[in-house]
Amino acid sequence: MFAPLSRYPLAAAVLAASIAGALAEDKVVNVYNWSDYVDEEVLAAFTAETGIEVVYDVYDNNEIVETKLLAGGSGYDVVVPSAPNVARLIQAGALQKLDKSKIPNLVHAWEAITARLSGYDPGNEYAVDYMWGTTGFGYNVAKIAERMPDAPVDSWAMIFDPEVVSKFADCGVYLLDTPEELIPAALNYLHLNPDSKETAEIEEAAKLLKTIRPYIEKFDSSEYINALANGDICLAVGYSGDVLQAADRAAEAGAGVEIQYVIPTEGAAMWFDSFIIPSDAPHPDAAHAFIDFMMRPESAAANSNYVYYANGNLESQSLLYEDVIGDPAIYPGQQTIDVLYTTTSHPPRVQRIVTRAWTNVKSGS
Ligand code: N2P
């Protein structure tokens with residue numbers, strides 16, 4: 001017989017709480033993404049359409065993401081780590097498999113990028129590419145020319161040749177604050193495998209970084225955008241879209257600062273940042289809804305048009321501004337893609353060596 005709930009106050013309370021819980025589940029999504037990596041109007045459009053509030057938090061390196069997700073209980077629903085970190089997080093059981101039935105816009109995913117990602121996430125079960133890009137450097141055209149008219153502006157020698165970079169120390173040189181980018185770049189400059197797992201080779205890369213350490217003003221992965229744009233620094237190893245945002249901000253300010261992004265001829269890193277859902281995400285339904293919204297061609301295009309990074313959404317390409325899809329610094333042609341390298345996650349023993357080498361580089365010891 002069907003008993004009225006009021007006769008069972010506890011059951012009624014529990015039921016009411018779980019209904020409230022189910023409803024609450026859909027009202028908020030906690031997103032943790034890289035800084036300067038989204039068009040906020042897309043977030044507002046998501047909330048307007050779904051009623052789900054976006055609580056948006058930012059980071060500027062993978063190390064902090066990995067630490068938080070491995071510890072568990074981060075409270076995040078959607079996070080956007082780079083591919084080697086995704087691979088490690090999958091192995092650690094820190095991520096949940098995506099329910100692809102809840103992400104119909106996955107049909108727009110760009111197969112060429114999905115295929116690359118499957119090297120880190122076999123079967124593409126856990127991760128969906130958001131953006132991808134390269135790591136090169138940005139420079140202030142006038143300040144560099146003033147100091148070195150014949151500067152090798154297309155080469156990593158700008159950063160790794162002490163004779164060259166020392167000439168720019170007075171106008172400000174920043175390096176990204178992560179061994180994940182600087183060790184591979186140094187290895188590549190030394191004609192070694194940028195994805196090397198060899199202790200001796202990693203030590204060699206660290207040695208090279210130590211020789212240029214005196215000319216580095218700061219290790220930084222987010223402030224360099226404005227620092228370049230304002231003319232406060234003249235050279236920075238940085239991510240493609242970040243440097244292009246700096247160039248754009250400089251042009252808009254109209255103070256005569258011209259910033260150029262370079263994918264050096266020796267090659268550069270190509271990386272992929274993907275949406276994942278932590279295994280203990282508090283709002284998995286909202287997380288899927290969010291990823292699905294971001295995978296709409298209109299959303300992906302709006303984001304790329306705003307942040308100057310290439311995205312993983314094929315359908316969005318017809319909606320991109322011509323100066324985005326047509327800019328080889330954002331969507332490089334095959335000739336450039338051929339000199340781009342990718343990196344994989346290190347086994348723990350190698351990771352410890354990298355971490356220690358990096359600490360020494362930074363401290364100058
Ligand atoms: C955004 C940087 C994202 C690129 N500021 C790092 N993979």
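Note that the structure is a prediction, hence the values are computed from the model and not measured. Order of appearance sets the numbers: ligands from 1, and atoms from 1 within every ligand.
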Check the pair Asn124, Thr114 against side chain to side chain donor-acceptor pair (under 3.5 Å), reporting the backbone distance first and the verdict last.
CA-CA 7 Å; Asn124 300 106; Thr114 307; 5.4 Å; no

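Among the atoms of Asp242, some N or O lies under 3.5 angstrom from an N or O of ligand 1.
How far OH of Tyr309 is from OG of Ser240: 5.0 Å, rounded to the nearest 0.5 Å.
Of the protein's non-hydrogen atoms, the one nearest atom 4 (C) of ligand 1 is Trp271 CH2, 3.3 Å. Distance from atom 7 (N) of ligand 1 to its nearest protein heavy atom, with residue and atom name: Asp273 OD2, 2.8 Å.
Closest heavy-atom approach to atom 1 (C) of ligand 1 within the set Ala83, Ser35, Ser240: this belongs to Ser35.
Below 30°, between 30° and 60°, or above 60°: for Phe272 and Tyr120 the angle between ring planes is between 30° and 60°, a tilted geometry.
Checked against Glu180 for a side chain to side chain donor-acceptor pair (under 3.5 Å), the options Thr135, Asn61, Asn62, Thr343 give a single hit: Asn62.
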